[in-house]
Number of protein chains: 2
Amino acid sequence: MAHDRPLADRAAQPRRRPRVTAADVAKTAGVSRSAVSRAFTPGAYLDEDKRQRVLKTAMDLGYRPNALAASLQGAATDLVGVVVGGLSNPYDSEWLAALVSALNASGKWPIVLGGQAEGLDESVTSILSYPLDALIVRGGSLGEALIDNCTKLNIPVIFSGRVISHPAIDCVACRNHMGMVQAVTLLLESGRRRIGYIGGPPTLSSEKERLAGVVERLAEAGLMPAAQVTSDYSFDGGKSAMRALLRDTSPDAVVCANDAMALGALSFARNTCNLTVPDDLAIIGFDDIAMADWAEFDLTTVRNPLEETVNEVLRLLEDRLANPQKPGEVVMVEPVLVKRGTH
Amino acid sequence: MAHDRPLADRAAQPRRRPRVTAADVAKTAGVSRSAVSRAFTPGAYLDEDKRQRVLKTAMDLGYRPNALAASLQGAATDLVGVVVGGLSNPYDSEWLAALVSALNASGKWPIVLGGQAEGLDESVTSILSYPLDALIVRGGSLGEALIDNCTKLNIPVIFSGRVISHPAIDCVACRNHMGMVQAVTLLLESGRRRIGYIGGPPTLSSEKERLAGVVERLAEAGLMPAAQVTSDYSFDGGKSAMRALLRDTSPDAVVCANDAMALGALSFARNTCNLTVPDDLAIIGFDDIAMADWAEFDLTTVRNPLEETVNEVLRLLEDRLANPQKPGEVVMVEPVLVKRGTH
DNA sequence: TCGAAATATGCACGCGTGTTCACATAACTG
DNA sequence: CAGTTATGTGAACACGCGTGCATATTTCGA
C-alpha cells in the first residue's frame, strides 16, 4: 500500500506536477475563480467577452474541470463498474465489447474488472472505494456477498446473465432452460436418441438452468443423458470434454453449454476422431458467438441475444439512475434456435 | 449534459441517498472524525481499542473511505484510461483482456474506451476530465492531437503497438517490418513466387511497416507483390479481400496483415474456391491469436508477443509513475515466426 | 432624473478526505 | 516529586469545484 511509505520517501520521490486548476486559470486570465467555474457552466451569468477570455486562457493552459472534485458536490460521477469473469469464454468478450461501446455512447465510463478469477472479490472491494454510479456484473462471476456491500454504499447493482431474487436489484437474463429445451427438441425430432451433454462450471446458476433444460426435456421423451461431462466454457475445455465423453460412450448428439466448448468438441470429433458431423454426431452449442457462423464450423446453436441484453442493461441503468428507489426489475430475454449445419 | 437540467427538475428528481461518510461513522461510534480517518490509515496514532470500535462501526454502516475525495489531497487515483479502437480485431480483444487483468493485479483500475470508432476522440476528451494516473492507447486508434492535451494535464501517455517520436511518451511496439520479412522469406524458401498481400487500414503506422516489410523483402528477391488488397482487419474483411484478390490473379501465397483476415482468407479459399492450403496456396497471418492454433486453421503466422507487450506496458507505467520526469522510452518487441500448416 | 428591475461578479461555504498542529494525558526518568 | 518523553486526540486546514448569497454595476421604464 502507498500509505505504508514513510513520509520522507514520499517527499523524496519526484512529485508529478499537479493538474492545472481553476484558480490557475483565474489568476492568468485576471478574473475571479468563480468566473472560471461559471465559464464552464451552461446557463450561468457571465459576460460573454469574459467567458470567451476565460475559455481561451483555459485552452492555452490545458485546463479542464476536475470531474472528481465536481462530483464531491453530489453530481453523478458517470463512472460505472463492470465486472466480468475470466475472459476465456468468447461470449464474455463480445458482451464486454458491446457493453463498453454502449456505455461510452451514453456518456458513462466503465471501470473494468476481470480477466482472472483469482482476487476478483478483492478487486471489487477496492473499486467500491470509488463513488460509482452503478455496478454491472456479468453472470456468476461474483458471489452475492457484494450485494450487501453495494446496498450499504448505495451503489445500484445490475446483473447480466443471472437472476437474483432481491427486492432492489435489476437483472437481465436469458431463458436458459427454454433454450435448451429447443435444442434437445430439435435433436429428438431428427431422430437422435443417445444425447450427451457437456456442461460448464456447475456452480453457475445459468449452468444449472441449462443442464435442467436438457435433462427435463430428455425425461419428457423418456430418456436420460447418454453421457454428461463438466468443463470450463473454453475451446480447449470442450475438446477435453469431448475426448472424455467419446472414450466412455458413443452418443449420436452432444449438447454443449456454450459455443466455445461446442467448437472445441466439434473440432475434436472431426479432426481427431474422424467423425462426420452431423451424420455420425450432431453438436449444438449455446450463445451464437461470431465464430459459430464461420464456414469451418457452421454451428447449430441457441442464440443468447447479445444486443438485446446490452440494450436492456443500459435501459435498466438509466431507469435506476433516474429513480434510485424503484423496485428491482427482472428482464428475461428469449433465446432463439439457430439452425445451421451441425444438427 | 446534466448541467442543462434546470435546478427545479434536479430537486424534483429523487436524489440517491448519499454515501456513508466518515463523519457519520464518527457520530455513531462516538469519536471524532479524525479518529475515523486514522483508523483507516496504517501507521497513524490511535488507541487500539478505539480503532477496533471504529472499524466495527464502519463495517456495520458499510462505510469505506471515498477514494475520490482522498485523491484530492494529491494521492494517485489509481485510475488508468485505456483506449482501444473497434474491437473487431480479435487481437485487440486479447490485448484488452490481458491488459485489464494485469492492471487489476497491480491495483490499477482501467477506464475502458472503445468498441466503436465514431466519437472516440470525443470520449477521450470527456475522460480527461478525470484525474487519471495515465492513459494507455492501443495502436492507431487515436490521433496525435491528444498528446498535447495529455501533456498539459500532466497525464502520461503510453502507446502500445505504435511508435511515437515524442520526447516524453512511452511506447511498446512490435518490429512489424522484421516480422513480415521472416514471413516472406519462409514463402520464398519454399519456392513461392506469386505472393499476394492483404493489408489493413493504410493509415495505421503498423500497417505501413508491415506492407513495407513485404514489399522490400520481395524486391530483394527481384519480385513485386502479385496482388495487393486493402481491408479492415476483420474475418469477413479477409474473406472479401481474398475474393477480390483471386478474381484478378492466381497467387501461390498470400500474406495477411493480421490473423483475423488470414482466417477469413483461408476460409474463403478452402470453402468457396475449393483450393487446397497450402498445396495450391499458402497463407500466412500476423499476431498469432488463439484461434490460429485451432486444428481447423492451423495457421502459420508471425507472433506479435502479447504477454511480453502487456508486461512492458505495465513496466513502463510503473516506471513512469515512479519518475514522471524521466525521458520517454521506446520498447521494441521481437516477432516470432510460428510455422504451422498453411505455408 | 430617480427608482426598480436586470445583469454581472466576488466572497464564502460545503462536499469527504488525509494530515499538521497544538494540546492533553499517561508513562517513564532521575 | 518535578521534568522529560512517549502516546493519543480533536480542531483546523487544504484539496478543486459548484453554487447560494449579497453586493456592485448596468439597463430600462416612467
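Every chain is numbered from 1 and lettered A, B, ... according to where its sequence line falls, protein lines coming before strand lines. Worth saying up front: this structure is predicted, and the values here are computed from it rather than measured.
We find that CG of A:D24 is positioned 13 Å from C1' of D:dC17, with the value rounded to whole Å. D:dG18 atom C1' lies 16 Å from atom CG of B:L68, rounded to whole Å. The interatomic distance linking A:F40 (CZ) with D:dG16 (P) rounds to 16 Å, in whole Å. One can place CZ of A:R64 at 17 Å from P of D:dG16, the figure rounded to the nearest angstrom.
With contacts defined as side-chain heavy-atom distances shorter than 4.5 Å, the pair B:T309/B:S160 qualifies. In this structure, the side chains of B:L68 and A:Y130 come closer than 4.5 Å at one or more pairs of heavy atoms. B:V83 places none of its side-chain heavy atoms less than 4.5 Å from the side chain of B:L146.
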For residues 51-59 of chain A, tabulate all N or O donor-acceptor pairs below 3.5 Å that involve a side-chain atom, not counting sequence neighbours.
{"unit_1": "A:R51", "atom_1": "NE", "unit_2": "A:A39", "atom_2": "O", "d": "3.3"}
{"unit_1": "A:R51", "atom_1": "NH2", "unit_2": "A:R38", "atom_2": "O", "d": "2.8"}
{"unit_1": "A:R51", "atom_1": "NH2", "unit_2": "A:T41", "atom_2": "O", "d": "3.3"}
{"unit_1": "A:Q52", "atom_1": "NE2", "unit_2": "A:E48", "atom_2": "OE2", "d": "3.0"}
{"unit_1": "A:R53", "atom_1": "NH1", "unit_2": "A:A29", "atom_2": "O", "d": "3.1"}
{"unit_1": "A:K56", "atom_1": "NZ", "unit_2": "A:D60", "atom_2": "OD2", "d": "2.9"}
{"unit_1": "A:T57", "atom_1": "OG1", "unit_2": "A:R53", "atom_2": "O", "d": "2.8"}

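Between its opening and closing five pairs, the helix from C:dT1-D:dA30 to C:dG30-D:dC1 changes axis direction by 40°, a value rounded to 10 degrees.
In this model, the phosphate group of D:dC17 is approached by a side-chain N or O of A:T21 to a distance below 4.0 Å at OP1 or OP2. For the OP1/OP2 pair of D:dC17 and a distance below 4.0 Å, the side-chain nitrogens and oxygens of A:S37 include no atom meeting the criterion.
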Just by protein heavy atoms under 4.0 Å, how would nucleotides 5-15 of chain D read 5' to 3' in B, S and -? ---SBBBB-BB

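Residue-environment remark: NZ (B:K326) exceeds the threshold of 12 foreign heavy atoms within 6.0 Å.
Between B:D24 and B:R19, the closest heavy-atom pair is OD2-O, 4.2 Å.
Just one of A:N104, A:V82, A:V112 meets the side chain to side chain contact (heavy atoms under 4.5 Å, CB included) condition when paired with A:L99; it is A:V82. Test A:V157, A:V124, A:V84 against A:V137 for side chain to side chain contact (heavy atoms under 4.5 Å, CB included) and you get one pass: A:V157.
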